[in-house]
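These numbers were taken from a predicted model, which means no experiment stands behind them.
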Amino acid sequence: MKRKVLLIYTGGTIGMEKDYETGSLRAFDFGNIFEKMPEMRLMECEVFVHPFAKPLDSSDMGPEEWRIIANYILKNYNDYDGFLILHGTDTMSYTASALSFMLKGLRKPVIMTGSQLPIGDLRTDAKENLLTSLYYASLYENDEAVIQEVAIYFEYKLLRGNRTLKYSAEYFDAYASPNYPILGQSGVHLNILKDNLFRCEPEVEFHVDEHISEDILFWRIFPGMHLSHFREIPKMKVLILQVFGSGTIFSSAKTQETLQEIRNNGTEIVVVSQCISGGISFGKYENSNIFSRIGAISGRDMTAETAITKAMHLIDNPSYTGSFADNFTRSLCGEITD
């Protein structure tokens, strides 16, 4: 019996084609994808297509769309063996991270992919990304899904979704997972590195936790900036600071005074690194100790995208017991190194 995969098309470059008379890109009816890619009918799985009524540029994807996707997976969870989400590349890592926190007790593949060139382009990367993603979304052994998490497949690599970032707007190899190894790689054979795969706690039944707070602010620290500007910003629940190296910031009494004032107003402060690889280590350098003194939270080796969506998911979420800091610093679904 063939495995059944539900393909959810949200929008993005992968669903476009070039009008060779005008040279412009235009969206095509994704319901006709089998005409564009007849090789999909040769797959060893059955593919069912659900396109968004109005395809969205990935810059328009946000909490509302994350909830729509998560609840659609919930609605169809028992009817399909795997799920493939086609998504614009610019914010795919945000959506993958958010879904990883929202889809609790996941035991089926949720694969995300897109492309750098439209599916109708002569040199497109869309077809390989789409076809191989379908393989991963339908991959089972002994009647158990091999992939049981949200993953991104792009340019021959399968990556944990909440460990990814888009690092190139130009190359086909557009995504990186700097602090976690790949989950699989496609070549002549479809390889899986099973030791790198995530498994949720066995007692957790699949459900969706759609809590997402938008009361989050992300700020990149730069030399010479005036932290006094923070006083002009309305109170937020969480302030995520992207700081230098392994967790340093310019050290002065004024810096500590300003950040302590923010903390005293009830705002949680999370610290992540501007470096692509590595993470935060309070105490490694003197100029990082300020964060320990004010009670800031280390984002350790989380990507900025994951730190943002994790904070959005956790803050004021009644489903969690314990403090925001305790929940933020523990691994919920493989997004942080224990």
Side-chain angles (χ1 to χ4, degrees), residues 1-10 45-50 52 61 63-87 92-113 133-153 158-164 180 183-184 192 194-213 306 309-310 312-314 316-322 327-328 330-336 338:
M1 185 178 66
K2 286 187 174 183
R3 296 289 173 181
K4 297 167 64 177
V5 176
L6 179 60
L7 188 159
I8 302 171
Y9 171 64
T10 68
C45 60
E46 291 185 79
V47 183
F48 301 83
V49 179
H50 173 72
F52 270 26
M61 297 290 288
E64 180 180 351
E65 289 71 33
W66 301 341
R67 293 186 186 100
I68 290 172
I69 294 170
N71 282 307
Y72 197 74
I73 290 174
L74 175 64
K75 178 182 177 181
N76 292 277
Y77 189 76
N78 293 326
D79 296 326
Y80 295 92
D81 301 293
F83 301 87
L84 173 58
I85 302 169
L86 302 186
H87 194 288
M92 192 189 302
S93 290
Y94 289 93
T95 300
S97 297
L99 290 176
S100 74
F101 300 123
M102 298 169 75
L103 301 175
K104 305 295 190 185
L106 183 63
R107 291 180 179 82
K108 294 182 179 183
V110 175
I111 311 298
M112 299 189 67
T113 196
S133 291
L134 286 171
Y135 274 109
Y136 279 121
S138 60
L139 190 61
Y140 273 67
E141 288 183 359
N142 301 320
D143 209 34
E144 181 182 59
V146 175
I147 311 298
Q148 299 184 17
E149 58 184 288
V150 181
I152 287 178
Y153 178 78
L158 185 70
L159 309 171
R160 176 164 296 161
N162 58 33
R163 290 287 194 151
T164 65
Y180 196 78
L183 307 183
I192 291 288
K194 293 185 177 180
D195 289 343
N196 299 338
L197 299 175
F198 178 77
R199 291 292 186 267
C200 65
E201 296 295 328
E203 67 274 11
V204 179
E205 295 290 330
F206 177 71
H207 65 284
V208 169
D209 183 343
E210 63 175 37
H211 178 89
I212 294 287
S213 170
T306 294
T309 52
K310 187 175 185 178
M312 295 172 80
H313 176 67
L314 285 177
D316 294 336
N317 189 332
S319 300
Y320 290 84
T321 58
N327 288 315
F328 193 88
R330 69 183 179 94
S331 177
L332 302 180
C333 45
E335 76 283 357
I336 190 171
D338 290 324

Can you confirm if the NZ or CZ of K108 lies within 45° of the ring axis of F83 and under 6.0 Å from the centre of its six-membered ring?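 The answer is no; the distance or angle limit is not met.
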Establish, yes or no, whether the cationic atom of K4 lies under 6.0 Å from the six-membered ring centre of F48 and within 45° of the ring axis.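 Judged by the rule, K4 and F48 form a cation-pi pair.
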At what distance, to the nearest 0.5 angstrom, does [atom1] of [X] lie from [atom2] of [Y]?
X	Y	atom1	atom2	answer
M112	T95	CE	OG1	5.0 Å
L183	I152	CG	CD1	10.5 Å
N162	S331	CG	OG	8.0 Å
T10	E65	OG1	CD	9.0 Å
E149	L106	CD	CG	8.5 Å
E335	T306	CD	OG1	7.0 Å

Walk me through it: do L84 and L134 pass the test side-chain contact (heavy atoms from CB on, under 4.5 Å)? CA-CA 7 Å; L84 173 58; L134 286 171; 3.6 Å; yes
Is there a side-chain contact between [X] and [Y], using heavy atoms and a 4.5 Å cut-off?
X	Y	result
P318	H211	yes
Y94	M61	no
D81	Y140	yes
R67	V208	no
F52	L86	no

Any donor-acceptor pair under 3.5 Å linking the side chain of R160 with the backbone of G334?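 Yes, R160 side chain to G334 backbone: donor-acceptor pair under 3.5 Å.
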Determine yes or no for a side-chain-to-main-chain donor-acceptor pair under 3.5 angstrom, with R107 supplying the side chain and E144 the backbone. no
Distance flag, aromatic centroids of H50 and Y72, threshold under 6.0 Å: yes
Any residue meeting ring-ring contact (aromatic ring centres under 6.0 Å, His included) with Y180, in chain and number order, not counting sequence neighbours: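 With sequence neighbours excluded, Y180 shows a ring-ring contact (aromatic ring centres under 6.0 Å, His included) to no residue whatsoever.
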Partners meeting side-chain hydrogen bond (donor to acceptor under 3.5 Å, both in side chains) with [X] (sequence neighbours left out):
X	value
T164	S93
N327	R330
T113	none

Given side-chain contact (heavy atoms from CB on, under 4.5 Å), test N71 with W66 step by step and report yes or no. CA-CA 9 Å; N71 282 307; W66 301 341; over 6 Å; no
Residues 199-206 side chain polar contacts: donor-acceptor under 3.5 Å, at least two apart:
from: R199; atom 1: NH1; to: V146; atom 2: O; distance (Å): 3.3
from: R199; atom 1: NH2; to: V146; atom 2: O; distance (Å): 2.9

Using 30° and 60° as the class boundaries, would you call the ring planes of Y320 and H313 parallel, tilted or perpendicular?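 Rings of Y320 and H313: perpendicular, as their planes differ by over 60°.
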For the residue pair Y136 and Y153, does the interplanar ring angle fall in the parallel (under 30°), tilted (30 to 60°) or perpendicular (over 60°) class? tilted
Test L74 against L103 for side-chain contact (heavy atoms from CB on, under 4.5 Å), laying out the working first. CA-CA 8 Å; L74 175 64; L103 301 175; over 6 Å; no
Closest non-hydrogen atom pair, [X] against [Y]:
X	Y	answer
S138	V5	CB-CG2, 3.7 Å
G161	S97	O-OG, 3.9 Å
P109	A145	CD-CB, 3.8 Å
V150	A96	CG1-O, 3.7 Å

Mind running side-chain contact (heavy atoms from CB on, under 4.5 Å) on V110 and I85 for me, showing each step along the way? CA-CA 7 Å; V110 175; I85 302 169; 3.8 Å; yes
D143 and R3 ion-paired at < 4.0 Å: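 Here D143 pairs with R3 in a salt bridge, since their nearest N and O are under 4.0 Å apart.
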Checking K194 now: which residues fulfil side chain to side chain contact (heavy atoms under 4.5 Å, CB included) with it, not counting sequence neighbours? E141, I192, L197
